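Data block below; observations after.
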Amino acid sequence: GIGTEQKGHAADTAAAFFQVAPKAKLYMLPVNKGVFYSDGSYTSEFFDKAARIIEENHITNLFVSRSAQRHNSYFRDLSQWLKEHEDFKYFVAAGNYAGDKYNQTMEVEEVTGVAAYSINSDGEAVSAGYSSISEEVDFAAPSSIYVNIDAKSPADSAGLAKKGTSFSAPWLCGMAVLVDDFFIDKTGKPLSREAMLRFFRDHCTDLSTEGFDPKTGCGAVRLPDPAEIDIAKYTDAPNAPSAEDWAKADVEWAVQNGILFGDENGNYQLDRACTRREMVAFLHRLHELITGKK
């Protein structure tokens, strides 16, 4: 990657990421540093350097394990940039301050905040006591991850568990990379940020109180068996028409059996009345289907 460190915090978080997505390409990007001036202007590594690299290399997911710049102007501009890049997913560590404070970057609506959970002596997933509490937390991912990039043998890793939301953020980002890879294979494109959040929410396990809570967000994300994924639920691809619930099954049947076609762009206009010509075409195709005669 760009600016890869061989040791230290960045290398350790990269090692956590690769445990989840070992075949992914990982870039180390400059995002945290910047200067703010009294007139309200500022410089930012993210906009001055990282954004260009992201766009040129078609990067779809980013994790930041240490707090990025904290400034209202930067947050406003980051939110706007993310709105303009709806397929880009930005994961940040919630912080390791319990109830004292949290990573303020999570206040950007388009940013996904990642809390930490660990496994107790009974084998149960529980919220990590140090994980920052905030209404901005979205999901929880594992911490206490064993990494040792200098290990000469498996035994060298003993006692080197890395704790903190710094390791939860790359873990969840790695899961997003796997999900994107699945949808690229099936549909030709990654999930949008909104669709990825829905996918994660649909595959969450509560860790504390039922539903959302400020300690673990929606809970621990558990990726499903790929064979069980409802692809159409998370994509807006052509030939996947949207219909009212009462008509959905019939519309899908009509598409699958060649009765209903989209326009030249593959889009359906199910909210308008059909024309006389369209109705004749529908009835003709239905007659062919029933009788087997063309």
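Values reported hereafter were calculated over all heavy atoms of this structure, with side chains retained and with hydrogens, waters and symmetry mates removed. Just so you know, these numbers come straight off a predicted model, no measurement behind them.
One hydrophobic cluster holds both I59 and V111 under the rule that ILVMFWY side chains link at heavy-atom gaps under 4.5 Å. Both F182 and L197 are part of a single hydrophobic cluster, where members link through side-chain heavy atoms under 4.5 Å apart. At a threshold of 4.5 Å between side-chain heavy atoms, the hydrophobic network of Ile, Leu, Val, Met, Phe, Trp and Tyr places I54 and I184 in two separate groups. Under the 4.5 Å side-chain heavy-atom criterion for grouping Ile, Leu, Val, Met, Phe, Trp and Tyr, Y117 is not connected to F139 through any hydrophobic cluster. Residues V114 and Y97 are members of separate hydrophobic clusters, defined by side-chain heavy-atom contacts under 4.5 angstrom among Ile, Leu, Val, Met, Phe, Trp and Tyr.
K163 contributes no side-chain N or O that, together with a main-chain N or O of S118, makes up a donor-acceptor pair within less than 3.5 Å. At distances below 3.5 Å, not a single donor-acceptor pair connects side-chain atoms of D206 with backbone N or O atoms of E210. Within the 3.5 Å criterion, the main-chain N or O of E124 finds no donor-acceptor partner in the side chain of D122. At distances below 3.5 Å, at least one donor-acceptor pair connects side-chain atoms of S168 with backbone N or O atoms of P142. Using modelled atom types, no side-chain atom of H284 and backbone atom of V280 make a donor-acceptor pair closer than 3.5 Å. Of the possible polar contacts, one joining the E278 side chain to the T275 backbone as a donor-acceptor pair under 3.5 Å is found. Remark: side-chain polar atoms of T43 are paired, donor with acceptor, to backbone N or O of V35 under 3.5 angstrom. Proximity of a side-chain donor or acceptor of S41 to a complementary backbone N or O of Y37 within less than 3.5 Å is not detected. Judged by distance alone, the side chain of E110 and the main-chain N or O of K83 form no donor-acceptor pair under 3.5 Å.
When side chains are defined from C-beta on, F212 counts as touching E135, because their heavy atoms get closer than 4.5 Å. Counting heavy atoms from C-beta on, the side chains of L29 and F46 never come closer than 4.5 Å. In this structure the side chain of D87 never reaches within 4.5 angstrom of the side chain of R193, judged on heavy atoms. Side-chain contact check for T112 versus V92: every heavy-atom pair is 4.5 Å or farther apart. Contact annotation: the side chain of Y90 approaches that of L78 to within less than 4.5 Å [non-hydrogen atoms, C-beta and beyond]. Using a 4.5 Å cut-off on side-chain heavy atoms (C-beta onward), N32 and V64 make contact. Residues F88 and N61 fail the side-chain proximity criterion, which asks for heavy atoms closer than 4.5 Å.
For the residue pair G164 and S143, the shortest heavy atom distance occurs at N-OG, 2.6 Å. Looking at every heavy atom in both residues, G113 comes nearest to D138 through N-OD2, 2.8 Å. The nearest pair of heavy atoms linking S127 to K215 is OG-CG, 2.9 Å. Across V31 and E45, no two heavy atoms sit closer than the pair N-OE1, 3.5 Å. Here the closest non-hydrogen pair linking A169 and F91 is O-CB, 4.4 Å. When all heavy atoms of A93 and S65 are compared, the pair lying nearest together is CB-O, 3.7 Å.
Rounding to the nearest 0.5 angstrom, the gap separating the NZ atom in K25 from the NE2 atom in H58 is 10.5 Å. One distance of note links OG of S79 with CD of E84; it measures 10.0 Å at 0.5 Å rounding. How far OH of Y234 is from CE of M196: 11.0 Å, rounded to the nearest 0.5 Å. Separating the CG atom in L260 from the CG atom in D250 is a distance of 11.5 Å, to the nearest 0.5 Å. Rounded to the nearest 0.5 Å, atoms CG (D181) and CG (L191) are 11.5 Å apart. The structure places NE2 of H85 at 8.5 Å from CG of L82, a figure rounded to the nearest 0.5 Å.
With sequence neighbours excluded, the residues that form a side-chain contact (heavy atoms from CB on, under 4.5 Å) with N96 are Y130, T165. With sequence neighbours excluded, the residues that form a side-chain contact (heavy atoms from CB on, under 4.5 Å) with S134 are Y102, M106, E136, V137. In this view, L223 and M175, L178, V179, F199, F200, V221 satisfy the side-chain contact (heavy atoms from CB on, under 4.5 Å) rule, not counting sequence neighbours.
Within 6.0 Å of CD on E56 lie more than 12 heavy atoms contributed by other residues, nucleotides or ligands. More than 12 heavy atoms of other residues, nucleotides or ligands sit less than 6.0 Å from atom CD of E194.
Cation-pi geometry between K186 and F183 is not met at under 6.0 angstrom from the ring centre and within 45 degrees of the axis.
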Inset, instruction - Report the C-alpha distance between H9 and S166 in whole Å, list the side-chain angles of each, state the deciding distance to 0.1 Å, and finish with yes or no for side-chain contact (heavy atoms from CB on, under 4.5 Å). - result: CA-CA 9 Å; H9 184 269; S166 285; 3.0 Å; yes

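Electrostatic pairing of K233 and D202 counts as a salt bridge here, judged by a charged N lying under 4.0 Å from a carboxylate O. A salt bridge between K89 and D180 is present, with a side-chain N of the basic residue lying under 4.0 Å from a carboxylate O of the acidic one.
Taking the six-membered ring where the residue is Trp, Y42 and Y74 present perpendicular rings, their angle passing 60° and hence far from 30°.
For W171 and F63, the ring centers are positioned 6.0 Å apart or more.
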